[in-house]
Amino acid sequence: MPPKATTITTAFAAKAKRESRRTLKDISTIRLSYQSPFDWPAMLAFFGFRAVEGVECVTDDAYIRTIRLGERHGTVEVRHAPESMELVATIYSRAAFEPDDVTSRLRRTFDLDADLACIGGHLSRDPFLARLIAIRPAIRVPGHWDPFETALRAVLGQQVSLVAARRLNARLVDRAGMVIGESAATKPHRLFPTPQEVLAADMSNMGMPGARVRTLQAVSEAFLTDPRLFERSATVEETIERLCAIKGIGPWTAQYIAIRACREPDGFPAGDAGLLRGTATEDGTRPSVAELTRRAETWRPWRAYAAHHIWAEDEDKVIRQR
């Protein structure tokens with residue numbers, strides 16, 4: 001049964017405080033349908049582990065972040081309505097957003113259009129993946145609100161832990177991100193910087209190699225030159241080739257950007273340590289990158305989903321071994 005059409009309603013907040021810079025007078029609610037199954041706790045955990053201070057936060061039942069479209073900005077709060085198989089997004093903004101644009105961005109963020117039955121059926125032809133899918137049938141491939149932001153976060157996540165990546169992202173936002181509300185440790189109040197803001201920012205003493213700073217600047221310049229930089233190409237190979245042409249972007253980062261920003265369902269960073277560890281034999285022997293690449297050929301065109309199943313199993317295995 002196809003998802004129900006997205007419905008949009010608008011109302012005005014009655015008690016807006018005029019004196020507060022964060023007071024947002026317009027409240028819009030967007031209902032986003034999906035096909036079951038949907039693992040909302042897992043989705044919240046994914047974004048919670050990666051939440052950038054000032055830009056986004058995760059509560060027990062909601063994902064909240066600042067958003068920008070052109071000159072308009074605001075905050076979106078997303079909650080789960082399992083009884084109607086929908087996500088309910090509440091947007092707080094002084095200016096009206098284009099509903100279709102907001103809807104498409106949120107559907108990509110939470111991978112709401114994925115046909116998990118079709119994807120799972122294909123991947124389950126491999127007995128190894130069949131076992132993982134039986135354990136976690138609702139795994140999706142999260143995206144993000146803004147492709148450029150996703151790309152910069154991928155660069156800042158190169159060869160560091162999630163905790164370190166969050167710290168570097170927060171530092172970048174503090175240096176270059178525009179403040180749109182009152183500062184609060186638990187509330188989003190800054191926008192992730194635009195390419196122009198990144199290029200204009202003082203990037204000294206960021207706590208990372210100068211080469212990485214130059215990569216952030218190179219990605220910013222590339223996106224300004226080509227606004228379609230993060231659109232999918234005809235093949236994932238073409239997408240990766242285009243991204244790797246940016247100075248400082250290697251295969252792992254390109255694959256990650258392809259999956260998260262370009263929404264490429266066949267992206268697969270075969271050299272990722274978690275994937276190699278997660279596909280090791282029972283005696284702990286890991287495949288080579290070439291061996292894993294060959295094995296994953298049968299998983300196409302859904303290798304990104306296979307990767308997320310392997311990552312989830314690997315994370316659980318690491319936790320069990322502690």
Output all residues satisfying side-chain contact (heavy atoms from CB on, under 4.5 Å) with Pro269, sequence neighbours left out; order by chain, then residue number. Trp252, Gln255, Ile259, Asp272, Leu275, Trp311

Start with the C-alpha distance between Glu86 and Leu32, add both sets of side-chain angles, then the distance that settles side-chain contact (heavy atoms from CB on, under 4.5 Å), and finish with yes or no. CA-CA 5 Å; Glu86 292 175 315; Leu32 305 156; 5.9 Å; no

Applying the 4.5 Å side-chain criterion to the ILVMFWY set and letting contacts propagate, would Tyr256 and Val289 be lumped into a single cluster? no

Do the side chains of Trp299 and Ile119 get nearer than 4.5 Å, heavy atoms only? no

Any sub-3.5 Å donor-acceptor pair from His73's side-chain atoms to Arg94's backbone N or O? no

Using the salt bridge (charged side-chain N to carboxylate O under 4.0 Å, His left out) criterion, which residues pair with Arg68? Sequence neighbours excluded. Glu197

Judged by atom type as modelled, is there a donor-acceptor pair below 3.5 Å linking the side chain of Arg190 to the main-chain atoms of Gly177? yes

Under 4.5 Å between any side-chain heavy atoms of Phe110 and Arg140, yes or no? no

Any donor-acceptor pair under 3.5 Å linking the side chain of Arg212 with the backbone of Gln158? yes

Are Phe38 and His80 near enough that their ring centres are under 6.0 Å apart? yes

List in chain and number order the residues that pass salt bridge (charged side-chain N to carboxylate O under 4.0 Å, His left out) with Glu149, two or more places apart in sequence or in another chain; answer none if no residue qualifies. Arg65, Arg153

For the student: nearest non-hydrogen atoms of Leu156 and Leu168, plus distance: O-CD1, 3.7 Å

Can a donor-acceptor pair be found, under 3.5 Å and without considering hydrogens, that links the side chain of Thr29 to the backbone of Thr90? no

Does the side chain of Arg125 come under 3.5 Å of the side chain of Thr298 through a donor N or O and an acceptor N or O? no

Sequence neighbours excluded, every pair satisfying ring-ring contact (aromatic ring centres under 6.0 Å, His included) that has a member inside residues 155-175: none

So does Asp283 have more than 12 non-hydrogen atoms from other groups sitting under 6.0 Å from CG? yes

Residues which pass side-chain contact (heavy atoms from CB on, under 4.5 Å) with Ala130, listed by chain and number, not counting sequence neighbours: Ser124

Side chains of Glu53 and Val173, heavy atoms from C-beta outward: is any pair under 4.5 Å? no

Partners of Glu238 by salt bridge (charged side-chain N to carboxylate O under 4.0 Å, His left out), sequence neighbours excluded? none

Check: Ile91 main-chain N/O paired with Ser28 side-chain donor or acceptor under 3.5 Å: no

Please identify each residue that fulfils side-chain contact (heavy atoms from CB on, under 4.5 Å) with Leu224, with sequence neighbours left out. Pro195, Gln196, Leu199

Would you mind listing the cluster partners of Val236? Hydrophobic ones only (ILVMFWY), side-chain contacts under 4.5 Å, chaining allowed. Ile240

Name all residues meeting the salt bridge (charged side-chain N to carboxylate O under 4.0 Å, His left out) criterion together with Arg214; count only those two or more places apart in sequence or in a different chain, and write none if there are none. none

Ala89 versus Val76, closest heavy-atom pair with distance: CB-CG2, 4.0 Å

Would you call Leu152 and Asn169 a side-chain contact if the rule is heavy atoms closer than 4.5 Å? no

Closest heavy-atom contact between Tyr34 and Pro82? OH-CA, 4.0 Å

Nearest heavy-atom neighbours spanning Asp111 and Val141: OD2-N, 3.0 Å

Can you confirm whether Met208 sits close enough to Leu216 that some side-chain heavy atom of one is under 4.5 Å from a side-chain heavy atom of the other? yes

Beyond-backbone contact of Arg242 with Ser233, side-chain heavy atoms, under 4.5 angstrom: yes

Atom CG of residue position Asn205 - does it have more than 12 heavy atoms of other residues, nucleotides or ligands inside 6.0 Å? no

Counting only N and O atoms by type, is there a donor-acceptor contact under 3.5 Å from the side chain of Thr103 to the main-chain atoms of Pro99? yes

Nearest heavy atoms of Asp202 and Arg175, plus distance in Å: O-NH1, 2.7 Å

Minimum-distance pair of heavy atoms, taken over all atoms of Phe97 and Gly74: CZ-N, 3.9 Å

Is any side-chain heavy atom of Asp39 less than 4.5 Å from a side-chain heavy atom of Pro41? yes

Do any N or O atoms from the side chain of His308 and from the backbone of Ala304 form a donor-acceptor pair under 3.5 angstrom? yes

Short question: side chain of Glu241, backbone of Glu237 - any donor-acceptor pair under 3.5 Å? no

Residue Glu71 excluded, over 12 heavy atoms near CD under 6.0 Å: no

What pairs with Phe192 under ring-ring contact (aromatic ring centres under 6.0 Å, His included), at least two apart in sequence or on another chain? none

Between Asp316 and Arg136, does at least one N-O distance fall below 4.0 Å, as a salt bridge requires? yes

All pairs passing ring-ring contact (aromatic ring centres under 6.0 Å, His included) where residues 203-250 contributes a residue, at least two apart: Phe148-Phe223, Phe223-Phe230

Output all residues satisfying side-chain contact (heavy atoms from CB on, under 4.5 Å) with Arg294, sequence neighbours left out; order by chain, then residue number. Ala290, Glu291

When you measure from the side chain of Arg131 to the backbone N and O of Pro127, does any donor-acceptor pair fall under 3.5 Å? no

Taking Thr239 for the side chain and Arg232 for the main chain, is one N or O donor matched with an acceptor at less than 3.5 Å? no

Do the side chains of Leu87 and Leu106 get nearer than 4.5 Å, heavy atoms only? no

Using the rule that two of Ile, Leu, Val, Met, Phe, Trp, Tyr join whenever any of their side-chain heavy atoms come within less than 4.5 Å, decide whether Val52 and Trp145 are in one cluster. no

